[in-house]
S.K.: 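Got a structure for you, questions after.
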Amino acid sequence: MKAIRIPAPEFDLEKTLNSGQVFHWERLKSGFVGTIDERAVCVEQRGDTLRVAFGEAPALPEIVSRYFALDHSLPEICASFPQDAPMQAAREFCRGLRIIRQPKWECLATFICSSMKQVAHIRQISRNLRERFGEERKIDNWSVFAFPSAQRIARSSEAQLRACALGYRAKNLLATARLVTRGDVDLEQISTLPDEELRAVLCGLPGVGAKVANCVMLFAYERLRAFPIDVWIERVLREQYFRRKRKVTALRLRDFTQSYFGEHGGYAQQYLFHYARLKSGRDAALRRPRTAQGAVPTSDKRRPLR
DNA sequence: CTCCAGGGATGAT
DNA sequence: ATCATCCATGGA
């Protein structure tokens with residue numbers, strides 16, 4: 001397998017892939033294996049360089065640098081953060097963490113599945129959907145699966161989706177997949193809309209509320225102002241920015257985040273989120289390096305879903 | 001406004 | 001081995 005080298009200064013691959021924005025990359029040896037769109041990719045960081053191997057597809061460095069947003073100027077983004085103590089700590093802790101550019105349907109579908117789930121569950125669901133409905137791609141002597149298209153999901157049944165551990169989210173994912181397949185919503189076309197209108201369209205989809213819409217805007221539509229508020233961030237906001245204030249409503253929090261964190265609020269959110277989550281140390285899997293589970297040797301038979 | 005389905009990994013007992 | 005905990009959306 002031939003690897004190409006891509007310069008990647010101010011980048012931390014592990015932090016980026018383990019910060020709760022993307023859920024399908026698996027540890028493999030000293031790097032990660034996953035997919036970028038339809039392509040199987042192995043990526044490993046050595047200092048300021050990425051060593052990248054593609055599966056059967058031709059090796060295209062620009063696909064990798066675009067996906068990992070290596071063109072984002074982290075010094076400029078970090079300089080735009082508010083200068084307060086929690087932000088300083090998060091900024092130092094998250095050095096090199098980037099908001100990546102995810103495929104739109106893959107991101108939307110995954111975050112519909114994320115509601116009321118923790119990171120470990122979301123990873124499980126993503127893997128189940130890929131193994132059950134996605135196309136297999138070989139790389140090295142491993143197998144990975146592309147995320148299934150909206151068309152493929154739309155052709156499945158709610159029961160099949162439930163078998164992927166989606167629970168009540170199955171109905172929402174199926175309904176949204178059908179809307180996208182029918183062309184009622186064009187995920188590419190809406191990328192030209194201003195933030196508020198884009199958010200409104202996304203929130204019109206089943207299973208998409210304000211939080212999921214903001215995640216999709218941030219991770220798939222390059223809306224770096226979008227500030228998803230989940231329980232982790234809400235905890236940080238209340239403790240760090242509204243200490244000993246009573247009756248802080250959701251609306252108040254939303255207004256505060258939009259005005260206070262500025263044009264790269266989504267980055268600020270991601271840094272605060274990742275810092276809070278790892279510091280609290282609840283998700284042990286993040287700190288204990290593990291070997292790949294989803295990527296199976298091609299000699300093995302596919303495992304049955306649990 | 002309140003209440004709660006829903007489900008599987010995870011840590012505690 | 002069982003038990004409690006985590007959690008965003010939508011509908012009653």
Side-chain angles (χ1 to χ4, degrees), chain A residues 18-27 107-132 153 156-180 185 198-220 226-239 246-254 257 266 269-270 272-294 303-306:
Chain A
N18 283 334
S19 62
Q21 55 176 319
V22 64
F23 302 95
H24 74 280
W25 292 90
E26 304 270 1
R27 278 187 185 282
C107 183
L108 171 63
T110 303
F111 277 93
I112 286 174
C113 298
S114 79
S115 87
M116 282 289 279
K117 285 287 183 193
Q118 287 159 287
V119 170
H121 306 144
I122 305 167
R123 296 180 65 86
Q124 184 73 44
I125 290 172
S126 163
R127 205 165 81 198
N128 289 344
L129 288 174
R130 287 168 181 271
E131 289 183 358
R132 181 69 63 88
I153 299 281
S156 72
S157 67
E158 185 183 330
Q160 285 180 304
L161 294 178
R162 280 181 174 268
C164 296
L166 269 75
Y168 65 91
R169 300 155 200 82
K171 190 186 289 284
N172 292 332
L173 181 62
L174 185 56
T176 293
R178 286 180 174 157
L179 288 172
V180 169
V185 173
L198 175 59
R199 185 176 291 111
V201 172
L202 290 172
C203 285
L205 296 168
V208 181
K211 192 269 179 180
V212 170
N214 279 322
C215 286
V216 175
M217 289 173 68
L218 181 58
F219 302 135
F227 197 107
I229 300 178
D230 73 333
V231 290
W232 286 95
I233 277 297
E234 185 165 336
R235 217 170 283 150
V236 172
L237 292 175
R238 288 181 191 278
E239 284 170 9
R246 294 180 304 113
K247 296 183 70 146
V248 183
T249 63
L251 181 65
R252 176 101 185 272
L253 285 180
R254 198 199 66 189
T257 57
Q269 178 273 354
Q270 195 65 14
L272 290 170
F273 173 87
H274 187 63
Y275 180 54
R277 221 162 58 94
L278 286 213
K279 230 184 48 169
S280 95
R282 186 160 328 173
D283 199 336
L286 287 178
R287 280 170 287 100
R288 226 185 306 120
R290 334 184 95 228
T291 49
Q293 299 164 348
R303 290 160 301 122
L305 295 171
R306 278 174 286 288

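The shown structure was predicted, so the numbers you read here are calculated from the model rather than taken from an experiment.
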S.K.: Quick check for you: among B:dG7, C:dA8, C:dC7, whose closest atom lies nearest to any side-chain atom of A:K117?
M.R.: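 Closest nucleotide among those given: B:dG7.
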S.K.: What integer distance in Å separates A:R123:CZ from B:dG8:P?
M.R.: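 Spelled out: CZ on A:R123 to P on B:dG8 is 18 Å.
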S.K.: Across all strands, who's sitting opposite C:dA12 as a Watson-Crick or G-U wobble pair, both distances under 3.5 Å?
M.R.: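 Looking at the geometry, C:dA12 pairs with B:dT2.
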S.K.: Separation of A:F111 atom CZ from C:dT9 atom P, in whole Å?
M.R.: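 About 11 Å, once rounded to whole Å.
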S.K.: Output the rounded distance in Å from CD (A:E234) to C1' (C:dC6).
M.R.: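 Rounded to whole Å, this separation is 15 Å.
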S.K.: For C:dC6, take OP1 and OP2 only and decide whether either is under 4.0 Å from a side-chain N or O of A:W232.
M.R.: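 So the side-chain polar atoms of A:W232 never come under 4.0 Å of the phosphate oxygens OP1 or OP2 of C:dC6.
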S.K.: Give the residues of residues 209-216 of chain A touching DNA chain B, defined as any heavy atom closer than 4.0 Å, sorted by residue number.
M.R.: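 Result for residues 209-216 of chain A: none.
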S.K.: Closest approach of A:F111 and A:V212, non-hydrogen atoms and distance?
M.R.: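 The answer is O-CG2, 3.5 Å.
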S.K.: Students often get this wrong, so: under 4.0 angstrom with heavy atoms, is A:I122 touching a base, only sugar-phosphate, or nothing?
M.R.: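 Nothing, no nucleic acid heavy atom in range.
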S.K.: Quick check, are the ring centers of A:F273 and A:F227 under 6.0 angstrom apart?
M.R.: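 A:F273 vs A:F227: aromatic centres not under 6.0 Å.
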S.K.: Nearest to the side chain of A:S115 - B:dT10, C:dT9, C:dC7?
M.R.: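 Looking only at heavy atoms from C-beta outward on A:S115, the closest nucleotide is C:dT9.
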S.K.: Relative to the 5' end of DNA chain C, which residue comes earlier, A:V231 or A:V208, by the nucleotide with the nearest heavy atom?
M.R.: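 Looking at DNA chain C, the more 5' nearest nucleotide goes with A:V231.
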S.K.: Base, sugar-phosphate, or nothing for A:R162, non-hydrogen atoms under 4.0 angstrom?
M.R.: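 If one applies the 4.0 Å heavy-atom cut-off, A:R162 turns out to touch the sugar-phosphate alone, with no base involved.
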S.K.: How many angstroms lie between atom NE2 of A:H274 and atom CG of A:N18, to the nearest 0.5 angstrom?
M.R.: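 CG of A:N18 is found 7.0 Å from NE2 of A:H274.
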S.K.: If you take all heavy atoms of A:C113 and A:L166, which pair is closest and at what distance?
M.R.: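 Closest pair (atom of A:C113, atom of A:L166, distance): SG-CD2, 3.7 Å.
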S.K.: Under 3.5 Å, side chain of A:D230 to main-chain N/O of A:I233, donor-acceptor pair present?
M.R.: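 The answer is yes, because a donor-acceptor pair under 3.5 Å joins these two groups.
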S.K.: For a quick test of reading the model: is some side-chain N or O of A:R277 closer than 4.0 Å to OP1 or OP2 of C:dC6?
M.R.: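 No, outside the criterion.
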S.K.: Can you check whether A:H24 reaches A:T110 side chain to side chain, under 4.5 Å on heavy atoms?
M.R.: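 They are not in side-chain contact.
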